[in-house]
Amino acid sequence: MKQYRVSKHAEDRAVKRLGYERSNAKNNLQQLMQTAVHVGTVQNKQGKSCEVRDHIKSRTRMILDGDLIVTVYAMPEPLTSNQTKALPEELKDAIKRKSNTIIKNKNRSLRALKIAIAEKNLEIAHLKVNLAKAKAPKTIDAINEKLSAGEVEYDALKLREEKLETDIKSISKFGDLYV
């Protein structure tokens, strides 16, 4: 269990914004951090990047500077069923169709990307086999250069794959709001 420090400001904000008792605020925030999900980073006033974490169940957002909880606030509420019921059925259907089309196209791209990743992985494996067989220093250096370039390309492909997967999840969540 990772320990997090809680700033005085965060403790004050937990009491003010979230309604915690002052005596329990620090422990409650530390407990929420154990299951909070990393959602990104933001810049503070000094230009330093701070981590943003959300605790989904309690709808709490926390800003961290290293292991120090700087501030906390309630997450914005998602669209409620009352807000989505106000939309006409034709518009809901159009949104759902459009989100399904986008998801289908992104899934197609994701499959192609997974094939490219597998091929790059195979290329890296062949280079590692050749590296193990090589005896000449020039050959070893050339293979190492190709191997490092291949690993950089592999990492870039994996990053694109993760981004596509998160895009698909977010679009499907958005489309499901209107069903």
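Just so you know, residue 1 is the first one in the sequence shown, and it goes up from there. Owing to the predicted nature of the structure, the values given are computational and were not obtained by experimental measurement.
For Q43, the CD atom is densely surrounded, since the number of other residues' heavy atoms within 6.0 Å is greater than 12.
Within the structure, the side-chain hydrogen bond (donor to acceptor under 3.5 Å, both in side chains) test picks out the following pairs touching residues 141-156 (sequence neighbours left out): K120-E153. Under the side-chain hydrogen bond (donor to acceptor under 3.5 Å, both in side chains) criterion, the residue pairs touching residues 25-35 are T35-H55, with sequence neighbours excluded.
The structure places OG of S58 at 7.5 Å from CG of L18, a figure rounded to the nearest 0.5 Å. To the nearest 0.5 Å, atoms OG1 (T166) and CD1 (I171) are separated by 9.5 Å. Separating the NZ atom in K114 from the CG atom in N107 is a distance of 9.0 Å, to the nearest 0.5 Å. Taken from CD1 in I124 to CG in L131, the straight-line distance is 12.5 Å, to the nearest 0.5 Å. The CZ atom of R160 lies 8.5 Å from the OG atom of S109; values are rounded to the nearest 0.5 Å. If you take CD on E119 and CG on N121, they are separated by 11.0 Å, rounding to the nearest 0.5 Å.
Listed by chain and residue number, N44, D65 satisfy the side chain to side chain contact (heavy atoms under 4.5 Å, CB included) test with K48 (two or more places apart in sequence, or in another chain). Residues satisfying the side chain to side chain contact (heavy atoms under 4.5 Å, CB included) criterion with V129, sequence neighbours excluded, are K133. Listed by chain and number, the residues in a salt bridge (charged side-chain N to carboxylate O under 4.0 Å, His left out) with K104 amount to none (sequence neighbours excluded). The salt bridge (charged side-chain N to carboxylate O under 4.0 Å, His left out) search around R13 returns none, not counting sequence neighbours. Residues passing the side chain to side chain contact (heavy atoms under 4.5 Å, CB included) test with N105, sequence neighbours excluded: T101, R108. Under the salt bridge (charged side-chain N to carboxylate O under 4.0 Å, His left out) criterion, R111 pairs with no residue, sequence neighbours left out. By the salt bridge (charged side-chain N to carboxylate O under 4.0 Å, His left out) test, R97 pairs with no residue at all, sequence neighbours left out. Not counting sequence neighbours, the partners of D167 by the side chain to side chain contact (heavy atoms under 4.5 Å, CB included) test are K106, K163.
When every heavy atom of A134 is checked against every heavy atom of I140, the shortest pair comes out as CB-CG1, 3.8 Å. Between R61 and D54, the closest heavy-atom pair is NE-OD1, 2.6 Å. When all heavy atoms of A25 and V15 are compared, the pair lying nearest together is CB-CG2, 4.3 Å. Between A36 and R53, the closest heavy-atom pair is O-NH1, 3.2 Å. When all heavy atoms of L127 and I143 are compared, the pair lying nearest together is O-CG2, 3.5 Å. The two residues L64 and M62 make their nearest non-hydrogen contact at CD1-O, 3.9 Å.
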Let me see the working for M75 and T60 under side chain to side chain contact (heavy atoms under 4.5 Å, CB included), right down to the final yes or no.
CA-CA 5 Å; M75 287 171 48; T60 304; 5.7 Å; no
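The hydrophobic cluster containing V39, built from Ile/Leu/Val/Met/Phe/Trp/Tyr side-chain heavy atoms closer than 4.5 Å, also comprises V42, V52, I63, Y73.
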Name every donor-acceptor pair, under 3.5 Å, that has one atom in a side chain of residues 4-11 and the other anywhere in the protein, sequence neighbours excluded.
{"residue": "R5", "atom": "NE", "partner": "D67", "partner atom": "OD1", "Å": "3.1"}
{"residue": "R5", "atom": "NH2", "partner": "D67", "partner atom": "OD1", "Å": "3.0"}
{"residue": "S7", "atom": "OG", "partner": "A10", "partner atom": "N", "Å": "3.1"}
{"residue": "S7", "atom": "OG", "partner": "I69", "partner atom": "O", "Å": "3.0"}
{"residue": "S7", "atom": "OG", "partner": "V70", "partner atom": "O", "Å": "3.0"}
{"residue": "K8", "atom": "NZ", "partner": "D12", "partner atom": "OD1", "Å": "3.3"}
{"residue": "H9", "atom": "NE2", "partner": "T71", "partner atom": "OG1", "Å": "3.4"}

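For the pair E161/L157, no side-chain contact is recorded, criterion being any heavy-atom separation below 4.5 Å from C-beta on.
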